[in-house]
Amino acid sequence: MASIQFTEEDLLCPQCSEIYYLPVLLKCGHNICRVCLQKFWEWKGCRECPVCRTVSVPGRPPINLELKIAADKYQVLKTSRDQEFCCLHNEKLKLFCENDEKPICLVCQTSRQHRVHECCPVEEAAEQKKAEISATLESLRKKLTMLNKTKLHWEETKNYIQSQAYQNEVAIKEEFEKLHLFLREEEKSRLKVLKQEEEIKTQVMCVKLEDIKDQIKTLSSTISDIEAALKANDLPFLQDYKQTKKRAKCNVPDPECIRDILINSAKHVGSLSFGIWKNMANIVKCVPITLDPNTAQANLKISEELTCVQYSSKQLLPDNPERCTSRVCVLGATGFTSGKHSWTVEVGQAKDWFIGVAQESIKRKSTVFLNPAEGFWVIGLSKGDSFWAQTMLRTKLVLKQKPEKITVQLEYDKGKVVFINAADSTTIHTFKDKFMERIFPFFSPGLFEEEKKSSPLRICPLTIKVDVE
């Protein structure tokens with residue numbers, strides 16, 4: 001069936017004299033915009049045709065689909081045609097004003113408004129401006145890649161938080177299994193705190209992930225819009241150039257570095273039994289410091305209520321800002337900015353190890369030397385028989401006997417770190433310096449040969465005394 005041909009006059013509503021918008025066909029054969037007809041009926045108070053006054057039958061008049069399609073096409077064509085001509089002079093837009101960043105006609109160029117402005121042909125301007133937007137688009141694409149990588153990392157971190165919380169939960173339960181029934185309330189209390197932290201930190205990561213997803217969605221939409229604009233014809237592109245340029249210059253912040261987001265294992269598991277030592281003094285163990293697994297290199301296994309560290313198989317851990325990746329080491333959970341502190345480390349028969357203290361700002365992701373200039377005050381054993389103080393130029397230590405337990409004494413205010421053989425209380429070595437920031441205990445168990453068991457470094461417990469009155 002051949003389609004009906006409409007003239008421009010046929011596409012005008014007899015009521016509003018505008019191009020039809022949703023034309024409806026009345027019984028009398030006349031077409032009226034649906035909105036115009038509804039307003040006329042409300043004003044008239046009856047269902048008359050605005051043209052011939054014929055009363056329509058009850059019910060909603062149908063939309064004239066062919067007329068609607070023709071009117072819509074004409075409207076698009078008219079809009080496109082109008083956009084190619086200057087609204088002031090009705091001349092074709094052939095030039096682009098660099099000052100006002102918009103297309104103009106030849107008459108506009110000679111007018112007072114644009115007479116001193118820099119102008120160029122539309123085709124030349126379109127090529128130049130598309131190149132500018134393309135360069136900005138590439139930067140946005142790189143930023144999108146960064147956001148996607150960060151999103152993936154944060155998703156892994158969120159999953160690890162839940163896994164880490166589960167591991168801490170198991171450790172707490174195992175410790176509480178050693179206690180009597182009347183300590184169950186203590187267990188519940190600690191699990192609740194752990195759960196709250198897990199929920200809070202997981203929620204934080206969920207919010208962060210939602211934020212970065214929104215950023216990715218917004219940036220992706222912006223890139224899509226810009227790509228669509230770049231594919232447009234020269235004139236439509238230049239007409240939307242200001243808006244496109246504004247979108248291309250959108251400020252997309254870099255992903256934030258989320259610190260201290262992992263579960264605070266030292267709070268939940270460190271010295272757990274010490275909290276109930278008055279009731280269970282015969283089985284309680286208390287140490288002056290605990291290890292922070294969130295700082296541990298991936299090959300280190302931490303056990304016994306965060307008091308023992310040992311080289312083991314590599315684990316899949318998030319590369320959080322606190323973690324040491326450049327060296328096989330772990331820091332204590334508590335840092336010091338004043339006072340006198342000491343702890344004893346059981347080194348056993350290990351052939352390689354380093355112990356001491358390190359400042360908070362040490363480089364954790366890049367190679368460093370274990371010396372005071374890099375923020376380390378440590379001693380160590382190498383190859384099972386050579387003791388060294390890690391000074392600027394290593395100092396060899398001559399010892400009468402190989403120590404199995406070494407006490408580290410930190411006197412922050414005096415700038416001293418003293419290493420003492422716990423067996424005979426003899427001083428092994430003393431560092432003297434000036435501390436300017438927080439200082440943390442430092443532990444680095446040695447590597448081990450294939451098929452041989454590695455020796456752990458263990459923080460020795462304090463002697464607990466309970467006085468009964």
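Below, each value reflects all heavy atoms present in this structure, side chains not excepted, and no hydrogens, waters or symmetry copies. Treat the numbers as computed from the prediction; the structure is a model and nothing was measured.
With hydrogens and angles ignored, the 3.5 Å screen pairs a side-chain donor or acceptor of N294 with a backbone N or O of I263. A donor-acceptor pair under 3.5 Å is absent between the side-chain atoms of D100 and the main chain of K102, judged by distance alone. Here the side chain of S444 pairs a donor or acceptor atom with the backbone of V328 at under 3.5 angstrom. At least one donor-acceptor pair under 3.5 Å links the side chain of Q315 to the backbone N or O of L300. In this structure, T145 contributes its side chain and R141 its backbone to a donor-acceptor pair below 3.5 Å. A side-chain donor-acceptor contact under 3.5 Å links S326 to the backbone of S366. No donor-acceptor pair under 3.5 Å is formed between the side chain of Q164 and the backbone N or O of L262. In this structure, T136 contributes its side chain and A248 its backbone to no donor-acceptor pair below 3.5 Å. Not one N or O on the side chain of S221 forms a donor-acceptor pair closer than 3.5 Å with the backbone of K217. A donor-acceptor pair under 3.5 Å is absent between the side-chain atoms of D292 and the main chain of T334, judged by distance alone.
Between W377 and the choices F435, F442, Y412, the ring pair (Phe, Tyr, Trp, His ring centres under 6.0 Å) rule is met once, by F435.
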Point to revise | Candidate pair L194 and R190, rule side-chain contact (heavy atoms from CB on, under 4.5 Å), full reasoning | key: CA-CA 6 Å; L194 170 63; R190 290 179 178 269; over 6 Å; no

Q.
Run the side-chain contact (heavy atoms from CB on, under 4.5 Å) test on E98 and H117 for me, step by step, so that the C-alpha distance in whole Å, both residues' side-chain angles and the decisive distance to 0.1 Å come before the verdict.
A. CA-CA 7 Å; E98 294 284 358; H117 289 180; over 6 Å; no

Take I379 and W353, measure what side-chain contact (heavy atoms from CB on, under 4.5 Å) needs, and give me the verdict at the end.
CA-CA 8 Å; I379 65 170; W353 49 261; 4.2 Å; yes

- Item | Chi angles and distances behind the side-chain contact (heavy atoms from CB on, under 4.5 Å) call for V51, Q15 | CA-CA 8 Å; V51 179; Q15 184 69 8; over 6 Å; no

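Partners of K173 under the salt bridge (charged side-chain N to carboxylate O under 4.0 Å, His left out) rule, at least two apart in sequence or in another chain, are E169. Under the salt bridge (charged side-chain N to carboxylate O under 4.0 Å, His left out) criterion, R394 pairs with no residue, sequence neighbours left out. In terms of the salt bridge (charged side-chain N to carboxylate O under 4.0 Å, His left out) criterion, E199 has no residue partners (sequence neighbours excluded).
One finds a salt bridge joining K208 and E256 here, because a Lys/Arg side-chain nitrogen approaches an Asp/Glu carboxylate oxygen to under 4.0 Å. Here K158 does not pair with E155 in a salt bridge; the nearest charged N to carboxylate O distance is not below 4.0 Å.
Here R247 contributes atom CZ and I133 contributes atom CD1; the two are 11.5 Å apart, rounded to the nearest 0.5 Å. The distance from the CD atom of E437 to the CD atom of Q359 is 4.0 Å, given to the nearest 0.5 Å. Considering CD of E156 and NZ of K151, their distance stands at 10.5 Å, rounded to 0.5 Å. To the nearest 0.5 Å, atoms CD1 (I223) and CD (E138) are separated by 9.5 Å. The line from CD of E227 to CG of L140 is 10.0 Å long, rounded to the nearest 0.5 Å. In this structure, CG in L12 is found 7.0 Å from CD in E9, a value given to the nearest 0.5 Å.
Annotation: side chain of I261 is not in contact with side chain of N320 (no heavy-atom distance under 4.5 Å). Looking only at side-chain heavy atoms (C-beta outward), E18 and C13 stay at 4.5 Å or farther from each other. Side-chain contact check for S265 versus T290: every heavy-atom pair is 4.5 Å or farther apart. Side-chain contact check for F376 versus V368: some heavy-atom pair is nearer than 4.5 Å. Contact annotation: the side chain of L22 approaches that of I63 to within less than 4.5 Å [non-hydrogen atoms, C-beta and beyond]. With contacts defined as side-chain heavy-atom distances shorter than 4.5 Å, the pair E123/P121 qualifies. Side-chain contact check for P103 versus D234: every heavy-atom pair is 4.5 Å or farther apart. Contact check for P255 versus Q215: no side-chain heavy atoms found under the 4.5 Å cut-off.
Nearest heavy atom pair, residue V378 against residue G356, reads CG1-CA, 3.9 Å. In terms of heavy atoms, L317 sits closest to A298 at CD1-CA, 3.7 Å. Across every non-hydrogen atom of A266 and L306, the tightest pair is CA-CD1, 3.6 Å. Minimum heavy-atom separation, L95 to C105: CD1-O, 4.4 Å. Residues N264 and K201 share a closest heavy-atom pair of N-NZ, 3.9 Å. In terms of heavy-atom proximity, L147 sits nearest to I212 at O-CD1, 3.4 Å.
Pairs of residues two or more places apart, or lying in two chains, never qualify as ring pair (Phe, Tyr, Trp, His ring centres under 6.0 Å) while including a residue from residues 227-254. A salt bridge (Lys or Arg N to Asp or Glu O under 4.0 Å) check over residues 313-327, counting only residues at least two apart or in different chains, returns the pairs D319-K365.
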Contacts table for residues 27-41: side-chain donor-acceptor under 3.5 angstrom, sequence neighbours left out:
| unit_1 | atom_1 | unit_2 | atom_2 | d |
| --- | --- | --- | --- | --- |
| N31 | OD1 | N64 | ND2 | 3.0 |
| W41 | NE1 | E48 | O | 2.7 |

